[in-house]
Amino acid sequence: MRFRPEQHIRRPGEFRTVREQGRRFDCGAFTLWHRRREGAVDRPRVGVVASTASVGAAVQRNRAKRRLRELFRQHQDLLPAGTDLVLVARAAVNRLDYPALAAKFADACRRLSSTPHA
RNA sequence: GGCCUGGUCGUUGCUCCGAGUUCUUUGAUCCCAAGGCGCGGGUAACGCCGCGCCCGAUAAAAUUCGGAGAGGAAAGUCCGGACACCACAGGGCAGGACGCUGCGCCAGCCAAAAGGCGAGCGCAGGCGCCGUGUUUCAAGGCACGGCGACGGACAGUGUCACAGAAAACAGACCGCCCGGUUCGACUCGCCGCAAGGCGGCUCGCUCAGGGUCAGGGUGAAAAGGUGGGGUAAGAGCCCACCGCGUCCCGCGCGAGCGGGACGGCACGAUAAACCCCGUUCGGUGCAAGGCAAAAUAGGCGGCUGGGCGGCCCGUCCAACAGCCGCGGGUAUGCCGCAGCCUGCUUCACCCGCGCAAGCGGAGUACACAGGCCGGGUCCGUCGCAAGAUGGACCCGAGAGAAAUGACGACCGAAUCCCGCGCGAGCGGGAGGAACAGAAUCCGGCUUACCGGCCCCAAAGCUAA
RNA sequence: GUCCCCAUCGUCUAGCCCGGUCCAGGACACCACCCUUUCACGGUGAGAACCGGGGUUCGAAUCCCCGUGGGGACG
């Protein structure tokens, strides 16, 4: 399953929309915001955030964002079409091993699919 | 001191490049939104429709294969430069930076050349300070090592707290010494019956005067040092050595050094205080900056000087001039921006010709070809070795909420534990790789850091 | 990314330009005592800091250099 450039959320306005109108799941090592775009049928999109204060220096920030993007790439078929995600990294992202992160992410995907957004 | 920054394999992703296939759009630097010309049609109008001609830059998406893809510090942003714009940038003032000498190197820059500048780096040397050793009463000398933002303190100004008698063209105080007067004590002589008086020696004290600066617990620093002579006491007052200053001579490319004569001490510290001298620097920074749809149009509307970004001068462009605006949307797209140069190619713009499309010239991109530069692999030569050098082949990061990864397996350094061995070590197990992520580029400095390899020096051990 | 600025008691600040008078001053807070039946107010008193390292200097919060940590501007 590929991860295409048009699946990136890049604009500050889109980030703001997801975080103001979407819902939040606390997944321990990261925070997941999600929002369904009305009438959209294209693939789910994602934006990744890693701040210096919560994650650390540039190496840690880049590594956290890569791992979160990889989570989305491998599990994006669990998400309904037209879903926008914002993943906010915390310090534990780089400490947990990958299967634990994948389990948390898959669980969050199933929960947001079972509780459809208004 | 130099060099290097774990390895192999598998599955699956990301960015860029090349080749192929498929599909649609074909007209094209983001979208609404359209290549140009001619003829005809249509429309409120047009970029719409049809036909013909001409030109064109070589595009977009999906997919397959192949190739490439973080550092020695990519970091801090402390310096220097390239590059871009402000006028390829002028004079002065202000302000900043740098500062022993000689030679060499260095990203680059200036110059016709010779040559010069350059953040800094290296080698050799000079001077100063510190440490150790030696010699010496000491100062000083010599040897070795370390450190130095190392121009100038007789151009000027400022500051030097506390302590201390005194803190900056020195001399007030204590003290020491001298002689004088008054007073007192002791003693001697003379006069007097006595009280006492007069004169003298010595000592002390007080007072006024003079000499002197050796000494005065201090202090970071006390106005040449040590020793001797000398003196009433003392003092470069005099002498020797050392230090200092001026002059002369000699040596050295030079910083400076050595010697001699004279002076007779007049010269405190601080310039990472102001400052002076010499050299040098215009400002802003890739978020610099440039480009991105016609026609109406030598048009309409608005503003009045503007630029040289610290200040002044001066100068430049000008007043028929310059600047801004002339549909909407979008933190828009593209270039700058991916080793360099040359050739080839040729959108725009420019020049010439043509009624016009266009044609010819010149000319920027991608691609292609060649050369140079850098890196990798293989081979040869040299070297004890890290490595150097020659040839062949291959390659040359470029993102933009920001690619260069994720996961797994194996090998694996440091370190720890167990067993064996006199010992070097051997076997097994645990353990699992530092600092850290390009953002216009190059050079330097600084800071962070697991380890590995090599060279040089010294000491110890072993062997000869 | 590029370019600037700042750092002093628990908090807000003075001192820095031009070094000594600073074992660093003030306000609020905290603590102790007094006042009050008690609390508050008030009074008295005490504790408490120069971001780290190096250098210049006799002497550094102040001057210079290198770091660390904050903050800001530029589309």
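Every chain is numbered from 1, with letters handed out A, B, ... down the list of sequences.
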Kindly give the atom pairs (protein nitrogen or oxygen, nucleotide nitrogen or oxygen) under 3.5 Å for nucleotides 68-70 of chain C.
none

Inset, instruction - Respond yes when some side-chain nitrogen or oxygen of A:R63 is under 4.0 Å from OP1 or OP2 of B:rA406, and no when none is. - result: yes
Inset, instruction - If you link ILVMFWY side chains whenever their heavy atoms are less than 4.5 Å apart, which other residues fall into the same cluster as A:F15? By chain and number, please. - result: A:I9, A:V18, A:W33, A:V49, A:V86, A:V88
Inset, instruction - Between B:rC344 and B:rU11, how far apart are the C1' atoms? Round to whole Å, please. - result: 47 Å
Legend entry - Nucleotide nearest A:N62 when distance is taken to its side chain, options B:rA402, B:rA436, B:rA70: B:rA70
Legend entry - Nearest-angstrom distance from the residue atom CG of A:D84 to P of B:rA401: 17 Å
Legend entry - Set of residues satisfying side-chain contact (heavy atoms from CB on, under 4.5 Å) with respect to A:R73, sequence neighbours excluded: A:F3, A:E70, A:Q76
Inset, instruction - Can you tell me the distance, in whole Å, between the CD atom of A:Q7 and the P atom of B:rA62? - result: 12 Å
Inset, instruction - Only counting residues at least two apart or in another chain, list the ones meeting side-chain hydrogen bond (donor to acceptor under 3.5 Å, both in side chains) with A:S51. - result: A:S54
Legend entry - Separation of B:rG437 C1' from A:K65 NZ (nearest whole Å): 12 Å
Inset, instruction - Identify, with sequence neighbours excluded, every residue that meets ring pair (Phe, Tyr, Trp, His ring centres under 6.0 Å) alongside A:F105. - result: A:H75
Inset, instruction - Using the C1' atom on both, measure B:rU159 against B:rA220 and round to a whole Å. - result: 15 Å
Inset, instruction - Would you kindly give the CZ-to-P distance between A:F105 and B:rA406, to the nearest whole Å? - result: 18 Å
Legend entry - Whole-Å P distance, B:rU446 and B:rC123: 15 Å
Legend entry - A:R67 side-chain proximity, nearest of B:rC407, B:rA402, B:rA436: B:rC407
Solution key, residues 56-63 of chain A side-chain donor-acceptor pairs under 3.5 Å, sequence neighbours excluded:
unit_1, atom_1, unit_2, atom_2, d
A:R61, NH1, A:T52, OG1, 3.0
A:R61, NH1, A:G56, O, 3.1
A:N62, ND2, A:A58, O, 3.4

Inset, instruction - Could you please name the option among B:rA402, B:rG405, B:rA406 that lies closest to any side-chain atom of A:R66? - result: B:rG405
Inset, instruction - Calculate the interatomic distance between A:R69 atom CZ and B:rA399 atom C1'; express it in whole Å. - result: 11 Å
Legend entry - Gap separating the SG atom of A:C27 from the CG atom of A:L68, nearest 0.5 angstrom: 10.0 Å
Inset, instruction - Round to a whole Å and report the spacing from CG of A:N94 to P of B:rA436. - result: 14 Å
Legend entry - Pairwise ring pair (Phe, Tyr, Trp, His ring centres under 6.0 Å) hits with a residue in residues 43-65 of chain A, at least two apart: none
Inset, instruction - Only pairs at least two apart or in different chains count here, so list each salt bridge (charged side-chain N to carboxylate O under 4.0 Å, His left out) that has a residue in residues 50-60 of chain A. - result: none
Legend entry - Sugar-phosphate or base contact per nucleotide [nucleotides 4-14 of chain B; S, B, -; heavy atom under 4.0 Å]: --------SSS
Legend entry - Among B:rA438, B:rA436, B:rA402, the one nearest A:V59 by side-chain distance: B:rA436
Inset, instruction - Between B:rC407, B:rA402, B:rG437, spot the one nearest the side chain of A:A57, thanks. - result: B:rG437
Inset, instruction - Pick the P atom in B:rA287 and in B:rA438, then give their distance to the nearest Å. - result: 16 Å
Inset, instruction - Tell me who clusters with A:V55, hydrophobic residues only, linked when side chains sit under 4.5 Å apart either directly or through other members. - result: none
Inset, instruction - Using the salt bridge (charged side-chain N to carboxylate O under 4.0 Å, His left out) rule, collect all pairs that involve residues 83-109 of chain A, keeping only residues at least two apart or in two chains. - result: A:D26-A:R90, A:R37-A:D84, A:R45-A:D84
Legend entry - Rounded distance (Å) that lies between atom C1' of B:rA402 and atom NE2 of A:H8: 10 Å
Inset, instruction - Determine whether A:L32 and A:L112 make a side-chain contact, defined as any pair of heavy atoms from C-beta on separated by less than 4.5 Å. - result: yes
Legend entry - Same-atom distance (C1') from B:rC253 to B:rC237, integer angstrom: 48 Å
Legend entry - Watson-Crick or G-U counterpart of B:rU58, or none if no pair lies under 3.5 Å: B:rA365
Inset, instruction - In whole angstrom, give the distance that lies between atom CG of A:L68 and atom P of B:rA401. - result: 18 Å
Legend entry - Nucleotide of B:rG437, B:rA406, B:rA401 approaching A:Y98 most closely (side-chain heavy atoms): B:rA406
Inset, instruction - Map every base of RNA chain C to its dot-bracket character, where paired means a Watson-Crick or G-U wobble contact with both distances under 3.5 Å and | marks a partner outside the strand. - result: (((((((..((((......[....))))..((((.......)))).....(((((..]....)))))))))))).
